[in-house]
Peer 1: 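This is the structure I want to talk about, given as structure tokens.
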2 protein chains.
Amino acid sequence: MKVDGKEMRPIWLNNDNPLEVLVIDQRMLPHELVIVALKGVDDTLDAIREMFVRGAPLIGATGAWGVYLACINAPGGQITDVWLQGEAERLKSSRPTAVNLAWAVDRMMACLASVQGDVHRVRAARKEAELIADEEAENCRQIGVFGVSLIEEISRRKQGETVNILTHCNAGWLACVDYGTATAPIYEAFNRGIDVHVWVDETRPLNQGARLTAWELGKHGVAHTVIADNAGGHLMQHGQVDLVITGTDRTTWTGDVANKIGTYLKALAARDNGIPFWVALPSSTFDWEMDDGVKEIPIEVRNPDEIRYVQGQVAGKTVQVLVPPASSACENHAFDVTPARLVTGFITERGLCAASREGVLGLFPEKGKEAPCN
Amino acid sequence: MKVDGKEMRPIWLNNDNPLEVLVIDQRMLPHELVIVALKGVDDTLDAIREMFVRGAPLIGATGAWGVYLACINAPGGQITDVWLQGEAERLKSSRPTAVNLAWAVDRMMACLASVQGDVHRVRAARKEAELIADEEAENCRQIGVFGVSLIEEISRRKQGETVNILTHCNAGWLACVDYGTATAPIYEAFNRGIDVHVWVDETRPLNQGARLTAWELGKHGVAHTVIADNAGGHLMQHGQVDLVITGTDRTTWTGDVANKIGTYLKALAARDNGIPFWVALPSSTFDWEMDDGVKEIPIEVRNPDEIRYVQGQVAGKTVQVLVPPASSACENHAFDVTPARLVTGFITERGLCAASREGVLGLFPEKGKEAPCN
């Protein structure tokens, strides 16, 4: 998508130096646009763990590029299977919740398994990583095309009055490779001239909504208002939300949705007020193994300092301020799981479906399997 | 309650100068303990609007002291009814949601109506304001005595294992005159040696949980953990919350609860997970006129800069940092209303009751009136 008129993605191979993968350091947005070069797997791990990059599809793409960086940094230039396996494991373990990471790294490894020779492996890794990134971008574009129908329908029903959409965290192009997941239908609606307005949950603790979603939407010209995470229920009670769309870090094939902590609370409020709650995702975010998301999806517990300190700008400088007493304990669960029963449906690159086994397998029949005995 | 071993309240008449009412400037906590002198109604209005003082019972007590300050600042020392009425109206309009403010100011006016003579009026105003403050403190003490039974019961059921209580915002002694409302049963349980641990919602936008509740609990030695407002649902899903207790800024006699924005979301999560959700309040917080809280209680919309800027400490200084893009709109609803159907019950100075007309009138029969025709 565009930043000040210039086409941009959150990750790309450095045209001037193919030994470097470039990423936006998203920790510094919205006040500074900093580009960082990843030169090896260690850099890539840092970038994923420290959240220079975040968002399930982008974490996947970064993992894919990480395998490419593993190839070009193999000791003595010899890309052995043992070396690759070790680096792949390191990459896959860098964050536990997003399933796209393992998906992308496994896909890279499957591709490289059939390629012999160091030069060929580097070339294949580069091509596959580019393919994964481009496919994720195309998937998001398709999510936009399918999802916009939901917004168009509400716009018609409201006779052209503003459609108010609430989103949580950042599932925009910054979280993906392009277009975004939750934002793709919004950008598509905006581009089609539909009057849309987005309620942007600030999304504590890392404020990805206030920092990233607000920045993205603003750069594209989409009307939006930043609100405290606490406010969504009140807005829904008073008819100010027509539709909720979020992204997801992992969604079970049975319909349970792991997403940024707090998503579950918004789903409850949407249900209580009869407001549709949709989740947008590329199929790479589906977990085809797990049946019970609440019980099974590993929820990352991150550094409590992310609760203690809030980053922002003062006098032109980006700083972090301590909010609670320094002596108070803090706890930082990064995700929660919204049970399928609260989700109206999924917006995928193949179309819309219900948040259920039947719905998901209807769109992805090749993943069909026997329902487990209960 | 105690601060570093010294007994303290959030408001008191200056012993050395009865022309001043002293308050803690709660905006500066937890990193600085600043005491501010209120010398007249203008100071009092500032202190209420700018939230040097906040919390329904404390806003009420501050309003009462504001009437005293109006008396001692009457033009030419003549405390006319017209002057008093004008100052009372100014005080009552300073914040719209907390019903205690109007309650306390009206009580002061009713008291002064029967007193003639400027000197007598000053004396009566001082006595009545002190009485209101002391009664509110005593009410909170009683709330603790009644509410502790809920915690004791859970502690028994868990065979002495830690009782985990979630609270939102600050309904502690800082919000009241002493003991707090939501915290009163917690302090009482702690003092009785029950193993309690409090999940403290940070409570954006003004972080009264992270700044004030954490500070209070820490000073008293109560185990607590600060969490993002987004986290409560996840903790409830995973059995880590036994009980929710919040305060309220206004509660209809029919059981609808206005409280800090985000309370409604926690009530929904508590309901979804079968966790009791109790609201602690002195009877001065009941609105005996309104029937439908969601439709009728005025919800204050505050300055959007409270969303944009987060206050904290960096390098020993308290500063405010800008989080979202400066160009993004923000909206700041200060409260929401939790419908009675989501509230397990009320903890009042007269005991526990259901969140319903019948429950409330059972405890406060003198307020009995015909149920309105539907």
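Below, chains carry the letters A, B, ... as their sequence lines are ordered, and counting in each starts from 1.
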Peer 1: For B:D272, what residues pass the side-chain hydrogen bond (donor to acceptor under 3.5 Å, both in side chains) criterion, not counting sequence neighbours?
Peer 2: A:Y264, A:R341
Peer 1: So, for B:L268 and A:A269, which heavy atoms are closest and what is the spacing to 0.1 Å?
Peer 2: CD1-CA, 3.5 Å
Peer 1: Tell me, for A:I299 versus chain B, whether the close heavy atoms (under 4.5 Å) come from the side chain, the backbone, both or neither.
Peer 2: side chain
Peer 1: Checking the side chain of A:H31 only, and the main-chain atoms of B:V323 only, is there a donor and an acceptor separated by less than 3.5 Å?
Peer 2: yes
Peer 1: Kindly compute the distance separating CD (A:Q237) from NE2 (B:H333), expressed to the nearest 0.5 Å.
Peer 2: 11.5 Å
Peer 1: So what's closer than 4.5 Å to chain B heavy atoms on A:Q311: side chain, backbone, both or neither?
Peer 2: backbone
Peer 1: Is the closest side-chain heavy-atom distance between A:I227 and B:I307 below 4.5 Å?
Peer 2: no
Peer 1: Let's test your reading of the structure: which of B:N332, B:T318, B:V294, B:V319 forms the most heavy-atom pairs below 4.5 Å with chain A?
Peer 2: B:V294
Peer 1: Check whether any side-chain heavy atom of B:E202 lies under 4.5 Å from a side-chain heavy atom of A:P205, and answer yes or no.
Peer 2: no
Peer 1: Can you see which heavy atom on A:P324 is nearest to which on B:P30, and at what distance?
Peer 2: C-CG, 3.9 Å
Peer 1: Check each atom of A:L212 against the heavy atoms of chain B and say whether the ones under 4.5 Å are side chain, backbone, both or neither.
Peer 2: neither
Peer 1: Tell me, side chain or backbone of A:Y309 under 4.5 Å from chain B's heavy atoms, or both, or neither?
Peer 2: neither
Peer 1: Considering only heavy atoms and a distance below 4.5 Å, find which of B:G233, B:A228, B:P325, B:G262 pairs most often with chain A.
Peer 2: B:P325
Peer 1: For B:R204, does its backbone N or O pair with a side-chain atom of A:N230 as donor and acceptor, under 3.5 Å?
Peer 2: yes
Peer 1: Where does A:S328 contact chain B at under 4.5 Å (heavy atoms): side chain, backbone, both or neither?
Peer 2: both
Peer 1: Quick one: do B:L265 and A:K266 satisfy side chain to side chain contact (heavy atoms under 4.5 Å, CB included)? Show the steps, please.
Peer 2: CA-CA 8 Å; B:L265 296 172; A:K266 294 302 142 63; 3.7 Å; yes
Peer 1: Between A:N207 and chain B, with a heavy-atom cut-off of 4.5 Å, which part of the residue counts as in contact: side chain, backbone, both or neither?
Peer 2: side chain
Peer 1: Examine whether an atom of A:E306 lies under 4.5 Å from a heavy atom of chain B, and if so say whether it belongs to the side chain, the backbone or both; otherwise answer neither.
Peer 2: neither
Peer 1: Between chain A and each of B:T263, B:V337, B:V200, count heavy-atom pairs under 4.5 Å; write down the option with the most.
Peer 2: B:V337
Peer 1: In terms of heavy-atom pairs under 4.5 Å with chain B, which of A:L217, A:V314, A:T225, A:D336 leads?
Peer 2: A:T225
Peer 1: In Å, rounded to the nearest 0.5 Å, how long is the span from CG of B:D229 to CD1 of A:I261?
Peer 2: 11.0 Å
Peer 1: Considering all heavy atoms of both residues, which atom of B:L235 and which atom of A:E331 are nearest to each other, and what is their separation?
Peer 2: CD2-OE2, 4.4 Å
